[in-house]
Each structure stands twice: as C-alpha cells, then as structure tokens.
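Side chains are part of it too, since the values below use all heavy atoms of this structure and drop only hydrogens, waters and symmetry mates. Bear in mind the structure is a predicted one, so any value in this text is a computation, not a measurement.
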Amino acid sequence: MDKECLKQMLIDVGCDDEVMEKILNRFNSGNVNELLNLLKKERCHVMDEYHESVRKVDCMDFMIRKIEKEINQ
C-alpha cells in the first residue's frame with residue numbers, strides 16, 4: 001500500500017487530521033507495529049460510533065413500534 005492510498009482510506013473512514021497525521025507518520029517511519037496499534041485504536045473508535053448509532057436506531061424502532069401500536073388500538 002502506498003501513502004496516498006492509505007491517506008485516502010483514512011479520509012474515507014472519517015479519521016480526523018490529528019489521527020491521520022499520526023498514522024501517516026508511523027507509515028513513513030516504517031514502524032509497522034506502532035502503525036498497526038494506531039489503526040487498531042482508530043478501529044475501536046469507529047466501532048464505538050457504530051454501536052452508538054445502532055443504539056439510536058433501536059430507540060427509533062422502539063418509538064415507531066410503540067406509536068404504531070397505540071394507533072392500532
């Protein structure tokens with residue numbers, strides 16, 4: 001993988017500039033272990049956001065079902 005490809009992928013997943021800079025610096029330095037650690041940390045952050053979004057969707061589904069049930073009574 002080249003630097004520009006990595007940078008575009010980081011943009012695509014929504015990395016902020018600070019995180020992106022840290023990851024790209026590790027890539028440039030060739031420190032693969034630290035690069036992987038940073039990528040895994042960012043993945044955890046994305047998963048936290050995903051779980052929060054799922055929680056919100058579940059809440060919306062609950063409200064919709066509750067209102068539909070009240071309408072049909």
Side-chain angles (χ1 to χ4, degrees):
M1 174 182 309
D2 66 18
K3 182 179 177 180
E4 288 306 312
C5 180
L6 177 59
K7 183 176 181 177
Q8 186 58 53
M9 287 181 174
L10 294 171
I11 291 169
D12 292 347
V13 299
C15 283
D16 64 39
D17 291 339
E18 183 180 337
V19 171
M20 190 180 323
E21 185 178 334
K22 287 180 183 178
I23 291 171
L24 292 173
N25 285 340
R26 296 317 185 281
F27 179 84
N28 289 335
S29 72
N31 192 332
V32 178
N33 288 330
E34 285 187 29
L35 171 65
L36 287 173
N37 285 338
L38 285 172
L39 288 171
K40 288 176 182 179
K41 184 177 178 181
E42 188 60 19
R43 182 187 183 280
C44 286
H45 176 72
V46 171
M47 288 302 295
D48 288 344
E49 290 175 346
Y50 166 76
H51 289 129
E52 180 63 18
S53 293
V54 168
R55 186 195 66 75
K56 289 176 182 178
V57 169
D58 289 345
C59 186
M60 294 298 297
D61 288 344
F62 174 79
M63 288 187 287
I64 290 168
R65 284 191 307 272
K66 186 166 179 65
I67 292 170
E68 286 177 338
K69 184 178 178 181
E70 289 174 2
I71 291 172
N72 291 325
Q73 285 184 351

Engineer: For D2 and F27, work out which heavy atoms get closest and say how close.
Structural biologist: C-CZ, 3.9 Å
Engineer: Looking at residues at least two apart in the chain, or sitting in another chain, which of them share a side chain to side chain contact (heavy atoms under 4.5 Å, CB included) with K56?
Structural biologist: E52
Engineer: If you count the non-hydrogen atoms of other residues, nucleotides and ligands that lie under 6.0 Å from CE in M60, is the total more than 12?
Structural biologist: no
Engineer: For the hydrophobic clusters of this structure (ILVMFWY residues joined by side-chain heavy atoms under 4.5 Å, transitively), does one cluster hold both V32 and L38?
Structural biologist: no
Engineer: Count the heavy atoms belonging to other residues, nucleotides or ligands that lie under 6.0 Å from CD of E21, then report whether that count exceeds 12.
Structural biologist: no
Engineer: If you group Ile, Leu, Val, Met, Phe, Trp and Tyr by side-chain heavy-atom gaps below 4.5 Å, do M1 and I11 land in one group?
Structural biologist: yes
Engineer: Side-chain contact, heavy-atom cut-off 4.5 Å: L10 with L39?
Structural biologist: yes
Engineer: According to side-chain hydrogen bond (donor to acceptor under 3.5 Å, both in side chains), does anything in residues 61-73 pair up with another residue at least two apart or in another chain? List the pairs.
Structural biologist: none
Engineer: Is there a continuous path of hydrophobic side-chain contacts, each under 4.5 Å between heavy atoms, that joins L36 to M20?
Structural biologist: no
Engineer: Working to the nearest 0.5 Å, report the span between CG of N25 and CD of E34.
Structural biologist: 10.5 Å
Engineer: Would M47 end up clustered with V13 when hydrophobic side chains under 4.5 Å apart are linked, directly or stepwise?
Structural biologist: no
Engineer: Let me check something: do M9 and L35 share a hydrophobic cluster, defined by ILVMFWY side-chain heavy atoms less than 4.5 Å apart, either directly or through other members?
Structural biologist: yes
Engineer: Considering residues at least two apart in sequence or located in another chain, which fulfil the side chain to side chain contact (heavy atoms under 4.5 Å, CB included) criterion with V19?
Structural biologist: C15, D16, I23, E42
Engineer: Crowded around D17 CG? As in, over 12 foreign heavy atoms under 6.0 Å?
Structural biologist: no
Engineer: Roughly how far apart are K7 NZ and L24 CG, rounded to 0.5 Å?
Structural biologist: 7.0 Å
